[in-house]
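Since the structure comes first, as structure tokens, the remarks are kept for the end.
Any value given below was found using the heavy atoms of this structure, including those in side chains, with hydrogens, waters and symmetry copies removed. Whatever order the structure lists ligands and atoms in, that order sets their numbers, starting from 1. Here the structure is a predicted model, which is why all the values come from computation and not from measurement.
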Amino acid sequence: MSKGRFITFEGIDGSGKSTQARLLAAYLKAHDTDVVLTREPGGAPGAEDIRRLLVEGNPDRWSPETEILLFTAARRDHLEKTITPALQRGATVISDRFADSTRVYQGAARGALRDLVDRLHNEVIGVEPDQTFIIDMDPGEALRRGLARQSGEDRFEDMGESFQHRLRDGFIALAKDAPDRCHLIDGARDPNEIAAEIARIATNT
Ligand code: ADP
Ligand code: TYD
């Protein structure tokens, strides 16, 4: 049985998830919480190796089916090595992306593969976050932010703005489907204002 709390951040590329995950981790740490800040794809050595296969290179490097298997393999490693041990010791785990990203990116935006995504999730992952913050924002603006970083990890950003519009719609639909778990957050504001809203929700104050 896990004693800790599992919080995830989701949204399109460049929406400000990583920034907000970091700010929430810092806020909770300042209030004496044991926090593990992690990310997907990645978050454990093996999963980080798989990450490089996924985020670098040509946009059509993998078929949608292969991509689902790679993301799920990385998630299983992340869960075994990082998330589950931390939750068992009572830590708060904050992950920059988790299974909702696969549901939206692979399940909704790249072919009608949601059923495969759900079956694999149930078979080998089987964990849902306690709370998910979906940072919502205009894809044009988010794309400009993301590409400005020049991280060399732009395989998904390179799929273009209409792809990002489909993703945004997918995340909004997901928030409607799981309203108890998901909080849709307006990301087109000052980062500190967004962080304050998220901290209020996360600490129920
Ligand atoms: P993501 O993890 O969703 O890709 P990041 O947190 O890395 O997004 O942010 C992408 C870029 O936008 C970064 O350069 C970051 O400094 C900047 N940024 C993040 N949040 C905001 C915000 N609320 N307003 C303006 N710029 C932001
Ligand atoms: P990430 O590093 O979070 O990118 P960004 O900071 O630009 O948002 O994730 C890398 C890419 O992988 C991102 O474009 C989203 C994609 N992705 C999926 O397609 N499926 C998944 O299950 C996950 C976790 C990420």
### Task
Determine, for Phe9 and Arg97, whether the Lys NZ or Arg CZ falls below 6.0 Å from the six-membered ring centre while staying within 45 degrees of the axis.
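No, Arg97 and Phe9 do not form such a contact.
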
### Query
Does the side chain of Arg181 come under 3.5 Å of the side chain of Thr132 through a donor N or O and an acceptor N or O?
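Side-chain D/A pair, Arg181 to Thr132: present.
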
### Query
Which atoms of ligand 1 have any heavy atom of Gly14 under 4.0 Å away?
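Answer, ordered by atom number: 1 (P), 3 (O), 4 (O), 8 (O).
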
### Query
Under 4.0 Å from any heavy atom of Ile194, which atoms of ligand 1 are there?
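The atoms of ligand 1 under 4.0 Å from a heavy atom of Ile194 are 23 (N).
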
Pull out every atom of ligand 2 sitting under 4.0 Å from any heavy atom of [X], numbered as shown with elements.
X	result
Arg75	22 (O), 24 (C)
Gln106	18 (C), 19 (O), 20 (N), 21 (C), 22 (O)
Thr102	21 (C), 22 (O)

Test item: [X] and [Y] side chains (from C-beta on) under 4.5 Å apart, heavy atoms:
X	Y	answer
His121	Glu128	yes
Lys81	Arg76	no
Thr92	Asp34	no
Val55	Pro41	yes

### Query
For atom 25 (C) of ligand 2, which candidate among Phe98, Phe163, Phe71, Tyr105 provides the closest heavy atom?
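Comparing heavy atoms across Phe98, Phe163, Phe71, Tyr105, the nearest one to atom 25 (C) of ligand 2 lies in Phe71.
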
Contact (N/O only, under 3.5 Å) between [X] and ligand 1:
X	answer
Asp190	no
Ser18	yes
Ser15	yes

### Query
Does Gln20 reach the main-chain N or O of Ala195 with its side chain, forming a donor-acceptor pair under 3.5 Å?
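Checked: pair present.
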
### N/O donor-acceptor pair under 3.5 Å between Thr33 side chain and Lys29 backbone
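Judged by distance alone, no pair lies under 3.5 Å.
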
### Query
For Lys17, is the nearest heavy atom under 4.0 Å from an atom of ligand 2?
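Yes, Lys17 has heavy atoms under 4.0 Å from ligand 2.
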
### Message
Tell me whether ligand 2 is touched by Arg51 - counting only heavy atoms on the residue side and a distance under 4.0 Å.
### Response
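True for this residue.
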
### Ile185-Tyr27 co-clustered via ILVMFWY side chain contacts under 4.5 Å
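Yes, Ile185 connects to Tyr27 through the hydrophobic network.
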
### Task
Examine ligand 1 and decide if any of its atoms is less than 4.0 Å from a heavy atom belonging to Gly11.
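Contact check Gly11 vs ligand 1: negative.
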
### Message
When you compare ligand 2 with Glu67, is there at least one nitrogen or oxygen pair between them that comes in under 3.5 angstrom?
### Response
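No: no nitrogen or oxygen of Glu67 is under 3.5 Å from one in ligand 2.
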
#### Entry: Polar proximity ligand 2 side, Arg97 side, N/O cut 3.5 Å exclusive
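Between Arg97 and ligand 2 (N or O atoms, distance only) the closest approach is under 3.5 Å.
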
### Query
Is it the side chain (CB and beyond), the backbone, both or neither of Ile135 that lies under 4.0 Å from ligand 1, heavy atoms counted?
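Answer for Ile135: neither.
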
### Message
For Arg189, which part has a heavy atom under 4.0 Å from ligand 1: side chain, backbone, both, or neither?
### Response
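Contact part for Arg189 vs ligand 1: backbone (N, CA, C, O).
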
### Query
Taking heavy atoms and a distance under 4.0 Å, where does Val55 meet ligand 2: side chain, backbone, both or neither?
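It is the side chain that gets close, since no backbone atom is under 4.0 Å.
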
### Task
Apply salt bridge (charged side-chain N to carboxylate O under 4.0 Å, His left out) to the pair Arg189 and Glu197, showing each step before the final yes or no.
CA-CA 11 Å; Arg189 292 176 291 162; Glu197 181 187 357; 2.5 Å; yes

### Message
side-chain contact (heavy atoms from CB on, under 4.5 Å) for Phe171 and Ile135? Distances and angles first, verdict last.
### Response
CA-CA 9 Å; Phe171 278 117; Ile135 315 294; over 6 Å; no

